[in-house]
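What follows is a single structure, written as structure tokens, with notes after it.
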Amino acid sequence: MIDIASRVHDHSWRIDPIVRSLLDTDFYKLLMCQSVRRVAPDVRVAFELINRSGNVRLAEIIDEGELREQLDHVRTLRLTRGESTWLRGNTFYGKRQMFSAPFMEWLEGLALPPYELEVRDGQFALRFEGPWPEAMMWEIPALAIVMELRSRAVLKGMGKFALQVLYARAMTRVWEKGERLKRISGLRLADFGTRRRHGFLWQDWCVQAMVEALDDSFIGTSNCLIAKKRDLEAIGTNAHELPMVRAALARGDAELLEAPYKVLEEWQEEHDGNLRIILPDTYGTKAFLERAPDWLASWTGMRIDSGDPAEAAETAIAWWASRGEDPRAKLLIFSDGLDVEEIEALHARFMGRVKVSFGWGTLLTNDFGGLVEGDGLAPFSLVCKAVEAEGRPTVKLSDNPEKATGPKGEVERYRRVFGVGEGRRVGVRV
């Protein structure tokens with residue numbers, strides 16, 4: 001097992017790339033990228049870093065030169081032969097050759113496009129612009145780099161013994177969570193922690209710990225590189241990015257209203273089974289389900305990613321029942337800011353009424369709160385979102401207004417078109 005403390009100590013005196021592979025990304029990015037190349041390969045999109053935790057002034061913590069070095073390194077990466085073989089020949093969600101030959105040929109030659117970086121009021125303004133299939137691939141490595149550089153900056157100067165103690169305490173915390181979770185009969189849980197992890201080595205350790213602690217209850221990881229390295233299932237379907245860009249491209253309110261369903265219609269043409277998972281909260285879950293076409297009710301399940309998770313789950317169960325579907329045959333995936341207490345409570349409430357699964361993110365792979373003086377490693381909320389499509393602003397409303405993005409005027413227009421009110425604000429931890 002890698003000596004994480006020693007490796008972290010060595011960051012202080014030599015360059016150590018944070019992202020070492022284009023596979024160090026979430027599985028849903030590859031699935032969405034293939035879909036985007038099929039339906040909208042030439043659309044130009046811009047992504048930007050958004051720090052929801054304004055009190056964490058990243059540009060005052062992270063050295064800009066180090067950030068540029070890490071970003072520049074990612075632009076030199078190419079898919080290796082072994083990585084390509086894994087994607088081409090592996091079985092994902094029971095399907096061989098998930099990725100087509102034309103897509104793989106494109107991916108094998110992919111070099112991530114240039115970035116724009118400047119400092120504004122203590123924060124990094126980081127932007128990626130280009131053809132949608134290329135620009136979208138920056139999201140996960142960019143987040144991983146900024147998150148790990150923050151961890152490195154806070155830990156810089158700590159001695160090897162201090163780091164050993166720190167990681168021993170963090171490991172104990174993770175293991176105790178696993179000990180609690182393994183008591184849950186019928187648990188199904190995956191690692192969703194790539195985007196806001198403490199670091200790659202730490203995420204890899206956490207995944208290995210959950211494999212041992214939870215056995216068959218741990219069903220895989222969203223991280224493709226770790227899935228390949230540890231022979232685990234790669235987990236993921238789609239994200240808010242698809243309806244956000246499709247909506248931005250809509251011409252007129254009528255087309256805008258249909259955009260979220262058009263995206264899923266295109267997805268259905270490409271995927272079946274457990275990849276047919278609805279993510280309904282981009283423009284409000286209740287409004288989305290009220291207008292949803294009947295064919296969507298036959299999909300395998302739904303992912304709950306904002307607002308009150310229990311309330312959203314009850315809404316989903318009632319919707320399936322109203323459409324003549326048996327909720328007990330459907331799958332709910334909870335993935336918003338989860339920790340052990342929420343997982344225990346949600347599993348107890350819904351298991352038996354519906355199939356239940358959990359995507360455990362930041363509080364699996366970056367729970368270092370209270371372990372250093374000043375709490376400089378406490379989790380915070382950082383995202384990288386599509387902000388423009390063909391020069392038009394994107395919007396996300398969410399079931400939690402604290403997660404909404406987009407220009408104020410456009411947000412108000414989307415609320416009017418989709419019939420979504422202000423909603424109840426819930427503090428975003430991670």
Side-chain angles (χ1 to χ4, degrees), residues 26 28-29 31-32 35-36 39-40 43 45-48 50 52 132 136 139 192 195 236-250 253-268 271 275-293 296 299 301-309 311-313 315-316 319 332-337 359 361 381 383-389 392-408 410-426 428:
D26 280 336
Y28 72 65
K29 293 303 294 192
L31 291 173
M32 292 194 302
S35 182
V36 166
V39 301
V43 169
V45 171
F47 281 72
E48 290 183 359
I50 301 171
R52 294 170 177 156
W132 191 3
M136 70 186 294
E139 177 190 356
F192 276 17
R195 296 186 306 152
T237 54
N238 56 70
H240 300 103
E241 171 186 339
L242 295 181
M244 287 173 66
V245 172
R246 171 66 72 177
L249 297 174
D253 290 355
E255 194 171 315
L256 173 60
L257 193 61
E258 293 303 313
Y261 310 115
K262 180 64 176 176
V263 164
L264 297 181
E265 184 179 318
E266 293 166 348
W267 189 264
Q268 183 168 255
H271 299 296
L275 285 171
R276 289 187 180 176
I277 301 295
I278 304 167
L279 181 61
D281 68 316
T282 310
Y283 304 119
T285 295
K286 289 183 178 179
F288 174 91
L289 294 178
E290 285 172 0
R291 289 189 298 271
L296 260 181
W299 276 33
M302 200 176 300
R303 180 156 73 92
I304 307 299
D305 196 56
S306 66
D308 183 317
E311 181 180 325
T315 299
W319 177 72
L332 281 179
I333 304 171
F334 296 95
S335 63
D336 181 25
S381 186
V383 295
C384 185
K385 293 289 186 184
V387 295
E388 289 179 10
R392 303 177 186 177
T394 64
V395 172
K396 178 187 175 188
L397 298 182
S398 178
D399 288 335
N400 179 5
E402 290 293 332
K403 289 188 171 185
T405 62
K408 183 177 180 180
E410 282 297 288
V411 168
E412 291 305 317
R413 175 187 167 228
Y414 275 59
R415 283 194 180 129
R416 172 181 58 78
V417 170
F418 288 102
V420 176
E422 174 65 26
R424 182 168 62 89
R425 293 183 177 272
V426 180
V428 179

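We're numbering straight along the sequence, starting at 1. All values reported here derive from a predicted model rather than from experimental measurement.
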Short side-chain to backbone donor-acceptor contact, [X] and [Y], under 3.5 Å:
| X | Y | value |
| --- | --- | --- |
| Lys286 | Val420 | no |
| Asp308 | Glu311 | yes |
| Trp319 | Leu289 | yes |

Distance (rounded to the nearest 0.5 Å) between [X] [atom1] and [Y] [atom2]:
| X | Y | atom1 | atom2 | result |
| --- | --- | --- | --- | --- |
| Asp305 | Thr282 | CG | OG1 | 9.0 Å |
| Leu242 | Glu266 | CG | CD | 8.5 Å |
| Leu279 | Ile304 | CG | CD1 | 9.0 Å |
| Lys262 | Leu249 | NZ | CG | 12.5 Å |
| Asp399 | Ser306 | CG | OG | 4.0 Å |
| Leu296 | Arg291 | CG | CZ | 12.5 Å |

For the residue pair [X] and [Y], what are the closest heavy atoms and their distance?
| X | Y | value |
| --- | --- | --- |
| Ala248 | Ala389 | CB-CB, 4.0 Å |
| Thr394 | Pro407 | O-CD, 4.0 Å |
| Leu332 | Ala316 | CD2-CB, 3.9 Å |
| Ala386 | Val45 | CB-CG1, 4.1 Å |
| Phe288 | Pro260 | CE1-CB, 3.9 Å |
| Ala250 | Arg392 | O-NH1, 3.3 Å |

| remark: Applying salt bridge (Lys or Arg N to Asp or Glu O under 4.0 Å) to Arg413 and not counting sequence neighbours gives Asp253, Glu410
| task | Mind telling me whether Phe418 and Tyr283 have parallel, tilted or perpendicular rings, with 30° and 60° as the class edges? | result |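 Correct class here is parallel.
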Side chain proximity check, [X] to [Y], heavy atoms < 4.5 angstrom:
| X | Y | value |
| --- | --- | --- |
| Lys385 | Phe47 | no |
| Met32 | Lys29 | yes |
| Pro243 | Tyr261 | no |
| Val395 | Thr405 | no |
| Ile277 | Ile333 | yes |
| Glu402 | Arg52 | no |
| Glu139 | Arg195 | yes |
| Leu397 | Met244 | no |

| query | How would you list, by chain and number, every residue that makes a ring pair (Phe, Tyr, Trp, His ring centres under 6.0 Å) with His271, sequence neighbours excluded? | reply |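 His271: ring pair (Phe, Tyr, Trp, His ring centres under 6.0 Å) contacts with Trp267.
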| message | If the condition is ring pair (Phe, Tyr, Trp, His ring centres under 6.0 Å), which residues does Tyr28 pass it with, not counting sequence neighbours? | response |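 Partners of Tyr28 by the ring pair (Phe, Tyr, Trp, His ring centres under 6.0 Å) criterion come out as none, since no residue qualifies.
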| Salt bridge check: are Arg303 and Asp336 linked by an N-O gap of less than 4.0 Å? |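 Not counted as a salt bridge, because no side-chain N and carboxylate O are separated by less than 4.0 Å.
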